[in-house]
A.B. asks: 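Before I ask anything, let me first share the structure, which is written out below as structure tokens.
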Amino acid sequence: MALILDGKAVAAGITDGLRARVAALARPPGLAVVLVGEDPASQVYVRRKGELAASLGFASTRFDLPADAPHAAVAAVIDRLAADPAVDGILVQLPLPAHLDAVKLLERIPVDKDVDGITSSSAGWLSIGRPMFAPCTPKGVMRLLASANVPIAGRTAVVIGRSNIVGRPMARLLELADATVTICHSRTPDFAKFTREADIVVAAAGRPRLLKSEHVREGAAVIDVGIHRVDGKLIGDVDFAAVSPKSGVITPVPGGVGPMTIAMLMENTVEAAERRRAP
Ligand code: NAD
């Protein structure tokens with residue numbers, strides 16, 4: 001039976017460790033969260049992030065814009081936050097409504113406030129092996145693997161998914177940790193050909209229970225990034241019941257990668273505050 005990685009507990013340990021760093025700052029870290037529209041899942045995520053930030057003593061502010069907010073209005077909010085010295089980190093909750101050019105808007109976030117690691121500058125720093133702020137979900141996955149001492153250097157890893165916020169930076173972080181990495185995506189004819197051989201599999205395809213027992217090898221580390229609500233229950237991209245007996249370590253959904261993502265946002269924000277106050 002696999003070791004089930006308790007993301008909730010690891011995340012709690014990380015956020016607890018941030019309290020002392022927050023206390024050491026002359027003024028609290030400022031996290032600004034921008035939400036456009038009323039997507040119910042986004043509302044939940046933004047509320048959770050705000051609550052955790054407040055409980056850690058951050059100065060957390062939230063900017064809600066209507067779903068039909070024009071590009072210029074969202075841009076103006078981001079520009080104001082970019083110029084505000086009290087703001088250390090800016091998070092624009094995704095997805096943005098379809099009429100907005102998300103890439104262009106996100107590019108307005110200065111790299112030293114990009115605590116979500118979403119801009120092309122952040123991706124560029126990551127791609128040359130000098131991450132400023134790595135995106136929170138893949139960074140959280142790396143910490144979860146480390147928490148269980150899963151060996152990465154010299155091992156093979158497969159990432160299913162190539163989004164800019166999860167799959168691509170995930171592959172890059174694993175490669176920076178000296179894994180040999182393969183990326184599978186929607187045009188990969190048979191991802192199982194790769195996952196069956198892999199020491200580490202990260203499922204981030206956004207497809208409920210995509211990864212089955214026959215797709216992984218005995219003893220593999222299986223990380224489930226997916227989140228889906230099916231029949232009122234949260235499930236992931238991994239068929240947990242089928243895969244867990246075969247894997248070496250595995251993350252549950254909920255309680256695996258999700259809490260780590262929020263913890264990494266908090267950590268990135270504290271780091272942003274520390275860097276901006278450094279002499
Ligand atoms: P996305 O839709 O932007 O990207 C999905 C990727 O998977 C694409 O690159 C696509 O090519 C690939 N893909 C789709 N179907 C595939 C298939 N059948 N086989 C192989 N590859 C396939 O999604 P995303 O933003 O990267 O998110 C992925 C999942 O992770 C979603 O379920 C999302 O809700 C979840 N997520 C969770 C967290 C968290 O904190 N746990 C954070 C972000 C996203």
Side-chain angles (χ1 to χ4, degrees), residues 7-35 42 44-65 74 76-94 105-126 128-144 146-147 165 169 173 176 257-279:
K8 219 170 153 185
V10 177
I14 290 169
T15 48
D16 267 350
L18 293 176
R19 291 178 201 280
R21 286 168 67 183
V22 172
L25 290 164
R27 63 176 172 76
L31 174 64
V33 181
V34 179
L35 176 62
S42 293
V44 173
Y45 294 142
V46 164
R47 197 180 59 238
R48 276 200 208 135
K49 287 166 187 171
E51 283 168 1
L52 183 56
S55 81
L56 291 172
F58 290 17
S60 159
T61 43
R62 177 171 161 172
F63 298 82
D64 285 49
L65 289 104
V74 185
V77 170
I78 297 173
D79 290 352
R80 190 149 46 83
L81 297 170
D84 185 344
V87 172
D88 298 299
I90 302 170
L91 173 93
V92 177
Q93 183 66 42
L94 299 175
L105 283 169
L106 295 167
E107 283 303 306
R108 306 179 91 94
I109 302 172
V111 67
D112 61 342
K113 295 190 179 188
D114 182 18
V115 288
D116 212 18
I118 189 74
T119 62
S120 61
S121 298
S122 292
W125 283 105
L126 179 62
I128 60 164
R130 286 265 308 273
M132 282 283 285
F133 297 110
C136 300
T137 300
K139 188 178 177 183
V141 170
M142 296 305 287
R143 296 289 281 278
L144 214 40
S147 76
I165 193 70
L173 286 173
L176 287 172
V257 174
M260 294 300 292
T261 297
I262 304 187
M264 291 301 103
L265 175 69
M266 301 300 134
E267 187 178 88
N268 279 353
T269 305
V270 171
E271 214 168 293
E274 288 169 345
R275 281 191 203 161
R276 294 182 67 246
R277 287 158 185 65

A.B. asks: To check you understand the geometry: which heavy-atom pair defines the closest contact between L25 and P29, and what is its length?
C.D. replies: CD1-CG, 3.8 Å
A.B. asks: Would you confirm whether D88, through its side chain, and G30, through its main-chain N or O, come within 3.5 Å as a donor-acceptor pair?
C.D. replies: yes
A.B. asks: Roughly how far apart are S55 OG and M266 CE, rounded to 0.5 Å?
C.D. replies: 8.0 Å
A.B. asks: For the atom pair CE (M264) and CD1 (I262), what is the distance rounded to the nearest 0.5 Å?
C.D. replies: 11.5 Å
A.B. asks: How close do V22 and F58 get, heavy atom to heavy atom, and via which atoms?
C.D. replies: CG2-CE1, 3.7 Å
A.B. asks: Taking all non-hydrogen atoms of both residues into account, name the closest pair between R27 and R276 and its distance.
C.D. replies: NH2-NH1, 4.4 Å
A.B. asks: Picking from L91, T137, L52, what satisfies side-chain contact (heavy atoms from CB on, under 4.5 Å) with L265?
C.D. replies: L91
A.B. asks: State, to 0.1 Å, how close L18 and A263 come at their nearest heavy-atom pair, and which atoms those are.
C.D. replies: CD1-O, 4.5 Å
A.B. asks: Show the nearest heavy-atom pair for residues V34 and L81, with the distance to one decimal.
C.D. replies: CG2-CD1, 3.7 Å
A.B. asks: To the closest 0.5 Å, what do you measure between CD1 (I90) and CD1 (I118)?
C.D. replies: 13.5 Å
A.B. asks: Any idea which heavy atoms bring A32 and F63 closest together, and the distance?
C.D. replies: CB-CE1, 4.0 Å
A.B. asks: Judged by atom type as modelled, is there a donor-acceptor pair below 3.5 Å linking the side chain of K139 to the main-chain atoms of G117?
C.D. replies: no
